[in-house]
Amino acid sequence: MKKNFPENFLWGGAIAASQADGAFDKGGKGLDTQDLRYFDAKWTKEERMLQKNRRINHVKYQKALNDQDDEHYPFRWGIDFYNNYKEDIKLFKEMGLKVFRTSINWARIYPNGDDENPNEEGIQWYIDLFEECHKNDIKVFATILHYNIPLNLVEKYGGWKNRKTIDFYVKYATTLFERLGSLVDYWLPFNEFNAGRFNPYNGVCLIEDEEENCDNAIFQCLHHQFVANALTIEAGHRIIPNSMIGGMIARFTTYPATPRPEDVMQMILDDQYSNWFYLDVMARGEYPSYMDRYFETTGIKIQMEPQDKDIIKNNTIDFTAFSYYFSQVSTTSQGWEKTSGNLILANKNPYLETSEWGWQKDPIGLRVTLNQVYDRYQLPIFIAENGLGAMDILDKDGSIHDEYRIDYLRSHVEQMKEAIIDGVDLIGYTMWGFIDIVSCGSMEMSKRYGVIYVDRDDRGKGTNKRYKKDSFYWYQKCIHSNGEDLA
Ligand code: BGP
């Protein structure tokens with residue numbers, strides 16, 4: 001029986017290009033879909049959480065295309081990681097980070113997505129960034145696509161709706177394998193594969209009100225992503241023998257709201273439709289049979305080419321990954337109380353407390369999920385995201401006392417250890433937003449996840465200086481003791 005975290009456990013931190021890099025029009029980068037997401041610092045807390053303010057419709061999209069007022073487009077500035085990465089990596093090193101997860105910005109490599117040749121300046125930036133990590137003994141976990149695709153692909157081809165996007169994506173991924181292959185230790189073709197189902201603009205770049213049948217379009221796009229994912233795995237394994245290429249979902253752990261059989265059955269369906277479908281295709285290599293009924297009853301029809309089945313079957317993932325922020329309950333009862341959650345509105349569990357943003361904190365749910373995912377696939381697991389979004393206060397002396405974040409992280413790390421003792425093959429943990437970045441859902445800086453504070457406000461104003469929070473020292477100790485000293 002295992003008793004501790006394995007010796008080579010990958011303690012890490014994660015960010016994403018659009019939320020951190022900034023420099024949206026520098027270094028030859030093309031405009032991408034996240035550069036168009038509009039935010040207003042005057043919005044109240046409630047308005048920030050409104051789904052309608054997080055979504056893109058036709059009017060917003062058209063306005064953003066020509067809007068030069070960058071203050072309202074936080075993904076254009078992020079935390080200027082593009083220019084600060086060397087200083088930041090020094091802090092990562094000081095913390096003892098073993099692995100750094102970030103995403104590569106497609107529009108930095110192929111500014112228009114359909115370019116003949118890659119942008120050398122963009123490739124060089126990633127070479128420099130990843131070399132800097134290795135110089136500091138930090139491994140690299142690269143997400144190939146974390147939501148943002150070159151805008152030209154949406155404008156000219158309709159994005160993921162068009163099968164041609166598969167070819168553009170695979171060409172982009174192949175370039176990464178060829179040019180950055182020796183610098184990347186773990187690959188993730190897509191962030192949160194199920195995101196397209198719950199936020200179509202982020203996940204599959206659809207503008208909902210432009211679609212006649214949005215649900216059908218979502219599943220068509222997802223199918224194209226499944227094929228692109230499999231072809232990418234094929235290319236990766238061919239170009240870099242023994243490469244580790246994973247598949248990730250946003251995990252919505254769910255319990256039956258009551259022991260009523262109806263609720264238990266609802267939990268099974270929620271799990272299948274919202275979570276397992278995506279990992280099942282990537283890990284088992286075929287569409288699961290339960291989706292036949294779903295597609296039949298919803299009238300969804302996906303166009304597939306004859307070769308797709310084999311492509312998906314022959315190229316499955318090497319490890320599973322997920323983001324885990326909260327759990328919820330499943331029920332057939334009408335009018336069950338709701339609360340916010342990552343990507344979805346969740347059913348409330350009366351036994352759980354919530355974060356300031358309404359996400360239900362459930363460390364035991366992480367152990368539950370680790371056991372469920374391992375039981376189902378028997379593949380190594382990477383927790384690619386987990387953390388607490390909270391308002392932090394920067395004191396005059398430069399300190400930030402975030403004991404709430406330490407409590408959150410500690411309770412989750414404890415449950416990871418329990419899961420390892422349960423026999424789960426957990427290989428790494430990249431806590432989310434471990435340096436403060438722009439929130440993906442609510443697009444604000446004030447929702448902070450980091451153990452490193454970044455002095456920027458919701459308008460992007462501030463010194464951009466970095467400060468170590470109390471949680472920085474806690475995570476440093478946790479890493480140093482390989483998860484033993486969590487005091
Ligand atoms: C995940 C995304 C991240 C991220 C995180 C936290 O869904 O992969 O990009 O930001 O959720 O969400 P938020 O930033 O909305 O708090």
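Treat the numbers as computed from the prediction; the structure is a model and nothing was measured. Order of appearance sets the numbers: ligands from 1, and atoms from 1 within every ligand.
- Between Y475 and F434, the distance separating the two ring centers is not shorter than 6.0 angstrom.
- Every residue meeting the salt bridge (Lys or Arg N to Asp or Glu O under 4.0 Å) condition with D70, not counting sequence neighbours, appears here in chain and number order: R76.
- Partners of S439 by side chain to side chain contact (heavy atoms under 4.5 Å, CB included), not counting sequence neighbours, listed by chain and number: S442, E444, K447.
- A heavy-atom cutoff of 4.0 Å around ligand 1 is satisfied by the protein residues Q19, H146, Y147, N191, E192, Y325, N342, W359, E385, W432, S439, C440, G441, K447, Y449.
- Residues satisfying the side chain to side chain contact (heavy atoms under 4.5 Å, CB included) criterion with N83, sequence neighbours excluded, are D80.
- A cation-pi geometry, defined here as NZ or CZ lying under 6.0 Å from the six-membered ring centre and within 45° of its normal, holds between R251 and W276.
- Annotation: K45, atom NZ; neighbour count of heavy atoms from other residues, nucleotides and ligands within 6.0 Å is above 12.
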